[in-house]
Amino acid sequence: MDIIGKGGEHLVCSELLFRGFNASIMSVDVGVDISAIKDNKFFGIQVKTARKNSFDTYPFHIRKKSFDRFNQGNIFYIQGRGPHGNHKS
């Protein structure tokens, strides 16, 4: 996991906590980055964070196999963009 990706997970988890969810980053990543509960409902969250590339876009990659495996019930994908430029972890 790179720094940008981990930063995105912390940003999303923080926002969920501010919005009243009981949220936690998973210690082992098997397809769900954050587990969250609110009003007795469970939400699994996969965070995708991308850097700006040379085409001035932010590409996100979700493997179809992973999407099919985890696209059942309350699994949500959140996409965010990282910093501009060529920041490396």
Side-chain angles (χ1 to χ4, degrees):
M1 170 61 65
D2 67 316
I3 292 172
I4 301 300
K6 191 51 82 173
E9 290 177 12
H10 283 275
L11 179 67
V12 170
C13 190
S14 173
E15 188 64 31
L16 289 168
L17 291 168
F18 280 118
R19 292 175 183 258
F21 287 81
N22 181 0
S24 179
I25 296 173
M26 304 297 291
S27 58
V28 177
D29 184 357
V30 292
V32 174
D33 295 323
I34 298 171
S35 62
I37 298 172
K38 185 172 184 179
D39 300 329
N40 293 321
K41 294 180 184 174
F42 171 80
F43 303 90
I45 300 165
Q46 175 70 37
V47 179
K48 293 295 182 185
T49 310
R51 292 181 181 91
K52 189 175 186 179
N53 65 17
S54 61
F55 299 104
D56 218 20
T57 62
Y58 294 86
F60 295 96
H61 302 282
I62 300 173
R63 292 184 314 217
K64 182 174 179 349
K65 180 179 176 182
S66 295
F67 182 79
D68 289 343
R69 181 173 49 161
F70 293 108
N71 191 25
Q72 303 169 12
N74 290 342
I75 304 297
F76 297 89
Y77 286 81
I78 297 178
Q79 298 175 334
R81 61 181 210 184
H84 299 295
N86 294 325
H87 298 277
K88 305 241 181 197
S89 56

Test item: L16 and I45 side chains (from C-beta on) under 4.5 Å apart, heavy atoms: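 Yes, at least one pair of side-chain atoms sits under 4.5 Å.
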
Atom of M26, atom of V32 and distance for their closest heavy-atom approach: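 Looking at all heavy atoms of both residues, the closest pair is CG-O, 3.3 Å.
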
Taking every non-hydrogen atom, the tightest pair across T49 and G8: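 Residues T49 and G8, closest heavy atoms: OG1-CA, 3.6 Å.
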
Atom pair CG/NE2 of D33 and H10 - distance to nearest 0.5 Å: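 So the CG of D33 and the NE2 of H10 are separated by 10.5 Å.
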
Determine all donor-acceptor pairs shorter than 3.5 Å in which one atom belongs to a side chain in residues 35-44; sequence neighbours excluded.
unit_1	atom_1	unit_2	atom_2	d
K38	NZ	R19	O	2.8

Residues forming a side chain to side chain contact (heavy atoms under 4.5 Å, CB included) with F18, sequence neighbours excluded: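 Once residues adjacent in sequence are excluded, the partners of F18 under the side chain to side chain contact (heavy atoms under 4.5 Å, CB included) criterion are S14.
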
